[in-house]
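The sequence lines fix the lettering, A, B, ..., with proteins before strands; numbering per chain opens at 1. Keep in mind it's a predicted model, so treat the numbers as computed, not measured.
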Amino acid sequence: MFLINKYGFTNLSYKAIYSFQTIRLFILFRIVDPFMHYIFFATLASSLVGSDYLKYVVIGNIAYYTCQTIMINYMNMFRMERRYGTLELNIASPTPTLLIILRKGIVPLLDGLFVFMVGLMIGWFLFDIKMPAGNLDTLLMLILITMFSVISFSLLFASVSLLFSNVNLFLNISLAFFQVFCGVNFSVTLLPEPLELLARMLPLTHSIEALRSIYSLENYDVYQLLGKEIMIGACYLIVSVFLVSVMEKLARKNGALLKNI
Amino acid sequence: MFLLIREIKYFTNFNNKMYQFLLFFQPLMFLSIVYFLKQVRGDINSDRFVLASALISMWSYVLYSSGSALISQKWNDTLKLLIAAPASLFAVILTKALSNSVIALISMVLSFIYARFLFQFNIGIAHYGYFLLSILVLMFSLSVVGLILAIVFVASQNVFDFQNLILTPMILLCGVFIPVEQFPVLLKYIAYLIPMTWGIKSVQETLVLSESMFSSMAISIAVSLIYLILAYFIVKKIEVVLRKTGSLGAI
C-alpha cells in the first residue's frame with residue numbers, strides 16, 4: 001500500500017506538474033502569502049468599517065483563500081497537462097478518466113486543507129479569533145464539507161477552463177467574482193436579491209456563513225447551512241462528471257481534445 | 001519621447017490578459033467591496049477608498065509590467081538587440097517604467113469613472129489643478145519604483161518568482177489604507193524610504209487640500225530623484241557587465 005502511494009498516479013502527477021515542491025516555496029506561498037492576504041483585507045475592512053469588523057473579514061478570507069488555492073491548482077494541473085500534450089493520453093489510457101481526474105485532485109485538496117488549517121491558526125494567534133472549544137466536531141465537519149463543495153466546483157471550473165486559450169483572465173475574473181459574491185468581506189444579504197440568489201448557488205457562501213456562526217460572529221443554523229453546502233457540492237459534482245464524460249466522448253470521436261484553441 | 005510613444009502603443013494593444021484584468025476588472029472588484037462595506041456603516045467618507053482602489057490597481061500594474069520589463073525582453077530574445085542598440089539601457093528601462101505608469105493612470109481614470117457612474121460615489125476632488133499635479137508626482141514616483149523593480153528583478157531570478165509576495169505588503173506599507181504616521185517607528189521609517197509613499201501621501205492630501213500637500217510633493221520628487229540617480233549608476237554598471245560577460249543574475 002505504501003509503495004502504491006509513494007509511486008502511484010497522484011504522486012507522479014504531483015511531481016510532474018504541481019507548482020510548489022520545496023519547503024521554502026511552501027512556507028512562502030502557503031503561510032506567508034495567505035497571511036499577507038488576510039492582513040490586507042483586514043486592514044481594508046477595519047479602516048473602512050472599524051476594527052470590530054476585522055474578525056468577520058479574516059474568517060471570510062480564510063475560507064476564500066482555501067477555495068482560491070484549490071481552484072488555481074486544479075486548473076493549473078489541467079493547463080500543464082494540455083501544455084505538455086498529455087491531456088489526450090489521460091483519456092486514451094485504460095483507467096477511467098474520472099478516476100484519473102479525481103486522483104489528480106488529491107494533492108490540491110490536501111494543499112487546500114493545509115491552507116485552511118493554517119488560516120485558522122493564523123486567525124487564532126494573530127487576529128485573536130479563538131477556536132470554538134465546544135464546536136470542534138462541527139468545525140471539522142464544516143472543513144470536510146467545504147473541501148467537498150470547493151473541489152467539486154474546481155473540477156467543473158478546470159474543465160470549463162480548457163475552453164479558453166489563455167485562462168488567466170478567466171481565472172482572475174472568477175476569483176474576483178468569488179471575492180465579491182461569496183460573502184467573503186460582507187454578508188451576502190447586502191447584495192441585491194437576484195445577486196444574493198446567485199451568491200447562494202456558489203460554493204463557499206454557505207460555508208462562510210456557517211464558519212462565522214461556529215465562531216459566534218453570525219447567528220445562523222450551522223447544520224442547515226452545511227446541508228445546503230453539501231447539496232451545492234453534489235450538484236457541481238454531477239454537472240462536472242457529466243461535462244467530463246461529454247468531453248471524453250468528443251475527444252475519442254475527434255482524436256483531439258480542444259487542440260485547435 | 002519616440003520610445004515612450006512606441007512603448008505605450010505596444011502595451012495598449014492589451015493582448016496580455018493579466019493586464020486586462022489589472023486595468024479593467026480589478027478596480028471593479030475593490031470598488032464593489034468598498035460599496036457593500038459602506039452599506040455596513042453608512043457614515044463612511046468613501047473618497048479615500050475610491051482612491052485606494054485606484055492606487056491598488058496602479059501599483060499592481062506597475063509591479064507586474066515594470067518588474068518584468070527586462071526579463072520579458074530576454075524571453076522574447078530581444079535583450080541582445082537592446083544592448084546593441086545606440087540608445088542607452090537606462091533610457092530604454094526608464095521609458096518602459098514611464099510608459100507603464102502612464103498606462104497605470106488608465107486604471108485610475110477607470111476607477112474614478114466606475115466609482116462615479118456605476119457606484120454613485122462622490123469623489124471629493126477639491127481642486128482639480130492641484131490634484132492633477134499630485135497625480136503627476138505620483139506617476140513620477142511610480143516610474144522610479146518601476147525602474148527599481150526592473151533592476152531588482154534582473155539581479156535575482158528568485159525575486160521575480162516572488163513578485164506576488166510583495167504586492168499587498170507594499171500597498172499596506174505605503175499608507176494606502178492606514179496613514180503612515182500611525183505605523184510603529186521602524187515601519188514608519190521604512191515606509192518613508194519608499195518614493196511611492198510620498199506620492200500617495202501627496203495625492204491623499206490634495207483631496208482634502210491639506211497644508212502639507214506641497215511639501216509632500218516636494219519630498220516625493222526629491223526621494224524619487226535620489227532613487228533615479230542611484231538607478232542610473234546601477235543600470236550603467238549592468239550594461240557594462242552585460243557587454244563584458246553576456247549574463248547577469250536572471251538574464
Counting only non-hydrogen atoms closer than 4.5 Å, does [X] touch chain A with its backbone (N, CA, C, O), its side chain (CB onward), both, or neither?
X: B:Ile56; answer: side chain
X: B:Ile171; answer: side chain
X: B:Phe25; answer: side chain
X: B:Ile33; answer: both

Establish, from distance only, whether the side-chain atoms of B:Glu205 and B:Ser212 form a donor-acceptor pair under 3.5 Å.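 A pair is found: one side chain offers a donor N or O, the other an acceptor, under 3.5 Å apart.
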- prompt: Does any donor atom in the side chain of B:Ser202 or B:Ser216 lie under 3.5 Å from an acceptor atom in the other side chain?
  reply: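 No - no donor-acceptor pair under 3.5 Å links their side chains.
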Main-chain N/O of [Y] paired with [X] side-chain donor or acceptor, under 3.5 Å:
X: B:Ser107; Y: B:Ile103; value: no
X: A:Asp111; Y: A:Val107; value: no
X: A:Arg212; Y: A:Tyr56; value: yes
X: B:Tyr114; Y: B:Phe24; value: yes

In terms of heavy-atom proximity below 4.5 Å to chain B, should [X] be classed as side chain, backbone, both, or neither?
X: A:Leu191; value: both
X: A:Tyr53; value: side chain
X: A:Phe177; value: neither

Nearest 0.5 Å please: distance from the CH2 atom of A:Trp124 over to the CD1 atom of A:Ile129.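 Going from the CH2 atom of A:Trp124 to the CD1 atom of A:Ile129 covers 12.5 Å.
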Practice problem: For each of A:Val184, A:Val32, A:Asp33, A:Leu44, tally heavy-atom pairs with chain B at distances under 4.5 Å, and name the one with the top tally. | Solution: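 Going by pairs under 4.5 Å, I would pick A:Leu44.
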Specify which of A:Ile39, A:Thr43, A:Val49, A:Val57 makes the most heavy-atom pairs with chain B at under 4.5 Å.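 Highest number of pairs under 4.5 Å: A:Val49.
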Please determine whether side chain to side chain donor-acceptor pair (under 3.5 Å) holds for the pair A:Tyr64 and A:Gln68, giving the CA-CA distance in whole Å, both sets of side-chain angles, and the decisive distance to 0.1 Å.
CA-CA 6 Å; A:Tyr64 166 79; A:Gln68 175 183 298; 3.1 Å; yes
| query | Taking 4.0 angstrom as the limit, do A:Glu229 and A:Arg200 come out as a salt bridge? | reply |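 The answer is no: the pair does not qualify as a salt bridge.
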Selection residues 23-37 of chain B - residue pairs positive for side chain to side chain donor-acceptor pair (under 3.5 Å), sequence neighbours left out: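 Every side chain to side chain donor-acceptor pair (under 3.5 Å) pair that includes a residue of residues 23-37 of chain B, provided the two are not neighbours, is B:Gln26-B:Ser60.
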Worksheet item: Got more than 12 heavy atoms from elsewhere within 6.0 Å of CD, B:Glu211?
Response: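 Open: at most 12 neighbouring heavy atoms sit under 6.0 Å from CD of B:Glu211.
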**OP:** Heavy-atom pairs under 4.5 Å with chain A are the metric here; pick the option from B:Leu167, B:Thr168, B:Val40 that has the most.
**Re:**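 The residue among B:Leu167, B:Thr168, B:Val40 with the greatest pair count is B:Thr168.
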Could you tell me which residues in residues 175-196 of chain B have at least one non-hydrogen atom under 4.5 Å from a non-hydrogen atom of chain A, sorted by residue number?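 Near chain A, by residue number: B:Phe177, B:Ile178.
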